[in-house]
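The structure under discussion appears below in the form of C-alpha cells.
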Amino acid sequence: MSSPKREFLFKVLVVGDLGVGKTSIIQRYVHNIYSHCYRATIGVDFALKILNWEKDAVVRLQLWDIAGQERFGHMTRLYYREAAGAFVVCDLGRAVTLQSVQRWKDDLDSKIMLKNGKPIPMILIGNKSDLLPHGIRIQNVEDLGRELEFTDCYMTSAKVTHW
C-alpha cells in the first residue's frame, strides 16, 4: 500500500515591464509553446505548473502573470498577497527594462514578505537572450542582480529555450 502524496502549493509572481516576455516565459515553461502573437496582459493572468518533485511529493506552482503597465500598479498589493517568490523579468534587447528592475524589486519588497518578516525570494530573469549580442551585456544584468540582492539571476529566451 503506497502512502499518500504530499502536496505543496506555491504562488509565484512574474513581474516586469510591458513586452519583456513574461507571458512567453510562462507559456514556454508550462505548455512548452511559443507564439509571436501575445496580447498585453490586462491586470493579471494565471498558469499552473504541476511538478512531481519526489515520488511522494507534488508541487503545484501557481504562476501569476502581472501586467507590466503602470496603470495597474495600484492593484499589485492584492495580486502580491501570499506569494512565496517572484521572477522579475527584463528584456535583454531593451536597456530601459533593465533600468526598471529596481522599481519592480522595491515594489515587491514594500508590499510582500514571508511570514518570518524576510523578503520573498526573487530571481532576476534576462529574457530574449536570442537577441544578443546587440542588447544589454549579460554581465550588467548579473551585476545588477547581485547589487539588488536577488536570490539568483538567469538569462534565457522563451523563443528558443526548450524545457
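Computed from heavy atoms alone, side chains included, the values below leave out hydrogens, waters and symmetry copies.
With hydrogens and angles ignored, the 3.5 Å screen pairs a side-chain donor or acceptor of Asn127 with a backbone N or O of Ala158. Within the 3.5 Å criterion, the main-chain N or O of Val89 finds no donor-acceptor partner in the side chain of Lys22. Side chain of Lys111 to main chain of Tyr80: no donor-acceptor pair is present (N/O by atom type, distance under 3.5 Å, no hydrogens or angles).
Residues Ser35 and Ser24 come closest through the heavy atom pair O-OG, 4.4 Å. Closest non-hydrogen pair, Met155 versus Val141, comes out as CE-CG1, 3.4 Å. Across Gly126 and Leu92, no two heavy atoms sit closer than the pair O-CD1, 3.5 Å. Closest non-hydrogen pair, Ile120 versus Ala83, comes out as CG2-O, 3.5 Å. Of all non-hydrogen atoms in Pro121 and Ala84, the two that sit nearest each other are CD-O, 3.2 Å. Heavy-atom minimum distance, Leu124 versus Cys90: CD1-SG, 4.5 Å.
Residues Tyr154 and Leu51 share a hydrophobic cluster, clusters being chains of Ile/Leu/Val/Met/Phe/Trp/Tyr side chains in contact below 4.5 Å.
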Quick one, Val14 with Ile25, criterion side-chain contact (heavy atoms from CB on, under 4.5 Å). Give me CA distance, side-chain angles, the key distance, then yes/no. CA-CA 9 Å; Val14 183; Ile25 287 172; 5.7 Å; no
Could you give me the CA-CA distance, side-chain angles and deciding distance for Met122 and Asp109, then say whether side-chain contact (heavy atoms from CB on, under 4.5 Å) is met? CA-CA 10 Å; Met122 286 181 240; Asp109 283 340; 2.9 Å; yes
Pair Asp91, Lys128 - check salt bridge (charged side-chain N to carboxylate O under 4.0 Å, His left out), show working. CA-CA 6 Å; Asp91 178 339; Lys128 304 185 184 182; 3.0 Å; yes
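Using a 4.5 Å cut-off on side-chain heavy atoms (C-beta onward), Pro119 and Leu108 make no contact.
Residue pairs meeting the salt bridge (Lys or Arg N to Asp or Glu O under 4.0 Å) criterion with at least one member in residues 144-157, sequence neighbours excluded: Asp143-Arg146. Within the structure, salt bridge (Lys or Arg N to Asp or Glu O under 4.0 Å) contacts touching residues 47-56 (residues at least two apart or in different chains) are Arg6-Glu54, Arg6-Asp56.
Classification of Arg103 and Asp17 as a salt-bridged pair holds, one side-chain N sitting under 4.0 Å from a carboxylate O.
Remark: Glu82 engages no residue in a side chain to side chain donor-acceptor pair (under 3.5 Å) (not counting sequence neighbours). In this structure, Lys11 has no salt bridge (Lys or Arg N to Asp or Glu O under 4.0 Å) partners at least two apart in sequence or on a different chain.
Rounded to the nearest 0.5 angstrom, Phe8 CZ and Leu61 CG are separated by 12.5 Å. Atom-to-atom distance recorded for Asp45:CG and Trp64:CH2 is 10.5 Å, nearest 0.5 angstrom. Atom CZ of residue Phe46 and atom CD1 of residue Ile26 lie 10.5 Å apart, to the nearest 0.5 angstrom. Rounded to the nearest 0.5 Å, atoms OH (Tyr29) and OG1 (Thr156) are 12.0 Å apart. For the atom pair Tyr79 OH and Leu13 CG, the distance stands at 12.0 Å (nearest 0.5 Å). Once rounded to the nearest 0.5 Å, the distance linking CD1 of Ile125 with CZ of Phe150 reads 10.0 Å.
Crowding of Gln102 atom CD: a count of heavy atoms from other residues, nucleotides or ligands under 6.0 Å not exceeding 12.
Under the 4.5 angstrom side-chain criterion for Ile, Leu, Val, Met, Phe, Trp and Tyr, Met113 has no cluster partners at all. Through chains of ILVMFWY side-chain contacts below 4.5 Å, Ile50 is grouped with Leu48, Val58.
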